[in-house]
Amino acid sequence: MEKFYITTPIYYVNAAPHIGHTYTTIASDVYKRYKRMQGFDARLTTGTDEHGQKIERSAKKAGKSPQDFTDAIAAEFKQTWENFQFGIDFFQRTTSSSHAEKVQELYNRCKANGYIYKSSYTGYYSVVQEAFVQDAKEGDVDPETGQPLELVTEENCFFKLSAFTDKLIAFHEENPDFLQPETRRNEVLAFLKQEGGLKDLSISRTTIKWGIPVPDEPDHVFYVWFDALTTYMSAVSGTELWPADLHMIGKEIVRFHAIYWPAFLWAADWPLPKKIFAHGWLLFDNNKMSKSRGNIVRPEPIRQAMGADALRYYLLREIVFGSDGNFAYDALVTRYNADLANGLGNLASRTLSMIHQYRGGTVKTASGAQTLPISNTISAAIEGYEKLDFSKALESIWGLISAADKYIVEQAPWKLAKDPAAADQLDAVLSNVYDALRVVTVLAAPVLPDSCARIWKLLGFTTPVESELLGQLEDAPTAETRSIPPVEPVFPRLDMKVTIDKLNDLEQQEAARQAVILGKTAEEPKSAVDEGTAIPLAPEITIDDFVKVDLRVGEVKFAERVKGADKLLHLKVDIGEPEPRTIVAGIALAYAPETLVGRKVVIVANLAPRKLRGLESRGMIVAASLEGGKPVLAGFLEHVPIGARLK
RNA sequence: GCCGGUGUAGCUCAGGUGGUUAGAGCGGCGGUCUCAUAAUCCGCAGGUCGUAGGUUCGAGUCCUACCGCCGGCACCA
């Protein structure tokens, strides 16, 4: 049997499983089930990414050792995926010894081939982002979070990524199917074709302890890239599964998979994966999900209230795979009732009931020519699955359900049943509908494994539905009389309000339960920053250090957008000097220029001038920085004179 | 600012290479059947296909400009 190896990303254990993780894993699981039904020996790897400074810190905050902390979260992921009955063959943790060996092997091979060198690097480092901030200067803050930077000189191991720029461009141009959807490939090519090409990549750290040691470099541990990506191989060490046939990822990690990863593998003389598919994000009320917004949705409550299949179906039917999509509880319940309860569930129920009532629970199979669009549905559904166009596959399957419902009304078996002369006709109708239901059940099985297994039994089959082969689906079973068991409902209708209330209740309980595992108190309000990564305090300073900073009250006299930049405002601020100062501030997303004129602000008056977009900025506006959010200017409740110093 | 994508009925979206009255699902309204999970089936939505031009005998479908939204890059002190 030909193998087909699929991977999900490995999930960072800084957070408990949420619906975004679940989405990727569901899609991977569905594809795996589909491939199995195509006759492949399909395998699926997932896992957890457990190293790094953030984890060290979160563990400390939770009062645990990194090992205990990651054990707990990894177990949480594992349990959640087990609850969902995903067909996971390999669950790899980056803290496992088999993984460390593979990472070191990758390194050794790259080094032997001349792609590793050591170099010291001095720069401003953001602890929160675990990354150097390029071109930062003294006094700068983390651009993402506004948190202080540390000046760090570090000896790092570098990977010669720059050597692969041209090869990567050629590769992506010659292999348009390697990275899908198309729009992601365009972005990668645009990135690769940047002036100057790719820069070498720092792959080790001496500032972190919680990581895999670099061979021959006692003070170094591997930084995220070599560590995380290699999981796809280490998970299947000792098998013939590598190279992967499909890396399923979210669009936020495209660059690592489509640029870094092929380069590493080339450098190590290892084969590349066959395909990368990047799906979109789940939005919640059209906003990105984030902890600070408090709109994280967890999978477990949905599973408990509605079943795993309901979530699987909703996510893959409602959202075009590859695009961003909105997630909403009411849409979930609506989809469930319309398509699963009224559609598939009801068709099964009415069909099987008639077979019981009119024919004592036996149906004659393969009665004659197809009168329903079975053949077209099969090919359309398979084509959709193959291209990971799940919504299209489901749409075509549900088209057959619809056709069957219509056919039943047209043929009115309940009338035929009253006419002894129409007995053959009734047999044919029941047989046709039964066969359509059989096809639907098999085709939908990758998405609805649990429900379809139940329907399959109700149809009188004793072998598992997942062992059916899609390639043989169109061949009707040999003519026989099949008896079916008593009818049971598969998708009971759900009351909208009751269900949503239940979902909300369970969600609250689940959030509280997860908070405990993450070492947080449940009541802890959402703070400005991610609770797991509270801003570490900057190093202690003396009063003498502080007085070096000259903070002044100023009034904005003039404000306009800086041409060619969407975050910058050009301000003129009066702090009592003869001329108002020019200050360029990155607050354009948060404040319209006209709303600022006349406003009192706090500025750092003795900051070294800096040129930004051609304007010399003499000072810096003081503002609160929020994670992923917009800056908020400091201000005063009482009247203050222009030029007053803050101490 | 550059690059890519996108803007079609209340909502979610289909509409290869331009061609009769622009489609589906959901919701809503009316009706029907009774096998079925108050399910099914039928009918009803009069939408300037973002805006303005252009090419064409003819454009939602091609071109240009502009506007809105999304993303990538630049940018953020």
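Quick note: numbers below take in every heavy atom, side chains included, and nothing from hydrogens, waters or symmetry partners.
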Sugar-phosphate, base or nothing in reach of A:V490, heavy atoms under 4.0 Å: base

Interatomic distance, A:K387 atom NZ to A:K392 atom NZ [nearest 0.5 angstrom]: 7.0 Å

A:L316 side chain near A:S391 side chain, heavy-atom distance below 4.5 Å: no

Under 3.5 Å, N/O pairs linking protein and nucleotides 8-10 of chain B:
none

Residue A:S353, side-chain heavy atoms: nucleotide from B:G71, B:C35, B:G4 that is nearest: B:C35

Sugar-phosphate, base or nothing in reach of A:N346, heavy atoms under 4.0 Å: base

Sugar-phosphate only, base, or nothing, as touched by A:A190 at under 4.0 Å among non-hydrogen atoms: nothing

Cationic tip of A:R312 above A:Y23 ring, under 6.0 Å, 45° of axis: no

From CA spacing to verdict: side chain to side chain contact (heavy atoms under 4.5 Å, CB included), A:K275, A:H247: CA-CA 6 Å; A:K275 187 185 184 77; A:H247 286 321; over 6 Å; no

Exercise: identify the closest heavy-atom pair between A:N326 and A:I319: O-CD1, 4.0 Å

Candidates B:C41, B:G4, B:U37 - which lies nearest the side chain of A:D405: B:C41

Value rounded to 0.5 Å, distance of CG in A:L347 from CG in A:N342: 11.5 Å

Touch class at under 4.0 angstrom, heavy-atom based, for A:A348 against every strand present: nothing

Base-pairing string, 5' to 3', of RNA chain B - Watson-Crick or wobble, under 3.5 Å, | interstrand: (((((((..((((.....[...)))).((((.........)))).....(((((..]....))))))))))))....

Shortest side-chain distance from A:S349, nucleotide among B:G72, B:G4, B:A36: B:A36

Which residue lies more 5' along RNA chain B, comparing A:V188 with A:R350 via nearest heavy atoms: A:R350

Pairs under 3.5 Å (N/O, protein and nucleotides 25-34 of chain B):
from	atom 1	to	atom 2	distance (Å)
B:C33	O2'	A:W414	NE1	3.4

Salt bridge flag under 4.0 Å for residues A:E187 and A:R185: no

Nucleotide nearest A:K406 when distance is taken to its side chain, options B:C41, B:C75, B:G4: B:C41

Given RNA chain B, 5'-ward residue of the pair A:T351 and A:R184, judged by closest heavy atom: A:T351

A:Q411 side chain near B:C35 phosphate (N/O to OP1/OP2, under 4.0 Å): no

With A:F390, the ring-ring contact (aromatic ring centres under 6.0 Å, His included) member among A:F277, A:F321, A:Y314, A:Y313: A:F321

Shortest side-chain distance from A:M354, nucleotide among B:G4, B:C35, B:C41: B:C35

Flag if over 12 foreign heavy atoms under 6.0 Å of CG, A:D501: yes

Student check: side-chain heavy atoms of A:L332 and A:M306 closer than 4.5 Å: yes

Options B:C41, B:C73, B:A36, nucleotide nearest the side-chain atoms of A:F191: B:C73

Side chains of A:L633 and A:R599 in contact at under 4.5 Å (non-hydrogen atoms): yes

